[in-house]
Amino acid sequence: MPRIGYFGPEGTFTEQATRSFCTDAGPIPPDSALVPLETIGTALDAVRAGEVEAACVPVENSVEGSVAATLDALVSGEPLVAVAETVLPIRFTVLVRPGTTAADVRTVATHPHAAAQVRNWLSEHLPGATVLPASSTAAAAVGVGRGEFDAAVAAPPAAERYPLDVLASNIADVRDAVTRFLLVRRPGTLPERTGADRTALAAVTADRIGALSEVLTELAAHGINMTRIESRPTRNRLGEYRFFVDFEGHVADARVGATLAALRRRCTEVRFLGSFPRADKVPNTVLPTNADTDFAAAAKWLEDVRAGHSA
Ligand SMILES: O=C(O)C(=O)Cc1ccccc1
């Protein structure tokens, strides 16, 4: 039975996302043992150490943006690759100990990404409460059970997992917020190309004029649609950044392979973070002259030229 880690404890949004991967056709066998791990860093380190086969972590939210802890942990140890993604609608619930009313709530704990999405609701409905950070929404619920906080903003499954009452449900400042989660493994066999794929990488550019623009130009020149770019400090020195870039296509696509090779030449560091099917299954755009057959024909022509058969 495969062991699959996730950013826990039990009852997090990430557990919900992990369970959505557990289907017969999905990337996790339904009989897998799901292992809650305390932080995003420990979840990814457990994959590196081989304690779990894979782990699920949140990567970006439609309201609050990237999950910095995930980006940093992906590049700060032995290489890992994402093999699947899922996008989950986020609905928040306020949990309290039985008998607590809104007037009793002095402290509300939650994950900072959740806090950022319910700030207005909290100031309107629990105006006197101080918002405290917790390592996850479910950890906040655990803290409420222990009497450390009066309320937790958590995922609906936490209301079933912990013996707490629901003070309010479906709260959010922005309707229809979603979070994207990645399933991450040690490098090995890559997921097969589906034609509706995403590739992720992290690159540190050289410190010279136009270095980032060269990265973007390589993508554009190969007809590749970028779906996200994010920067994080490398932590080596002030002003040095690592760019996290997601784009359409699979590393098995000739245009993606050529782009990666070009970035490897141009950047001081490139880490491949995976090619996997897009959650929305939207087929990748292949512009004229950028299909595998175009690359194969050009390579054949070059081979002929080099062999002295040029026409
Ligand atoms: O804390 C959780 O439950 C998580 O899985 C992280 C998170 C927090 C807020 C929105 C989406 C995911």
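Indexing begins at 1, ligand by ligand and atom by atom, following the structure's order. Computed from a predicted model, the values in this text were never measured in an experiment.
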Closest protein heavy atom (residue, atom, distance) for [atom]:
atom: atom 8 (C) of ligand 1; result: His111 ND1, 3.7 Å
atom: atom 5 (O) of ligand 1; result: Thr14 OG1, 2.5 Å
atom: atom 6 (C) of ligand 1; result: Phe7 CE2, 3.8 Å

Counting each atom of ligand 1 from 1 as listed, which ones have a heavy atom of Ser136 under 4.0 Å away?
->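 This gives 1 (O) as the contact atoms.
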Do you know which two heavy atoms are closest between Pro191 and Val83, and how far apart they sit?
->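 Nearest heavy atoms, Pro191 then Val83: CG-O, 3.4 Å.
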Please work out whether any backbone atom (N, CA, C, O) or any side-chain heavy atom from C-beta onward of Thr179 is under 4.0 Å from ligand 1, and answer side chain, backbone, both or neither.
->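 For Thr179, the contact with ligand 1 is made by the side chain alone.
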Donor on one side chain, acceptor on other, Asp45 and Thr42, under 3.5 Å | no
Got a donor-acceptor contact below 3.5 angstrom from the [X] side chain to the [Y] backbone?
X: Glu148; Y: Val144; value: no
X: Arg3; Y: Leu34; value: no
X: Thr234; Y: Asn236; value: yes
X: His309; Y: Val305; value: no

Geometry only, no angles: is [X] polar-contacting ligand 1 at N/O separations under 3.5 Å?
X: Phe13; result: yes
X: Thr12; result: no
X: Thr137; result: yes

Test applied, side-chain hydrogen bond (donor to acceptor under 3.5 Å, both in side chains); reference residue, Arg198; option that passes from Glu248, His250, Glu85 = Glu85
Is the shortest distance from a heavy atom of Ala114 to ligand 1 less than 4.0 Å?
->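 So Ala114 counts as touching ligand 1.
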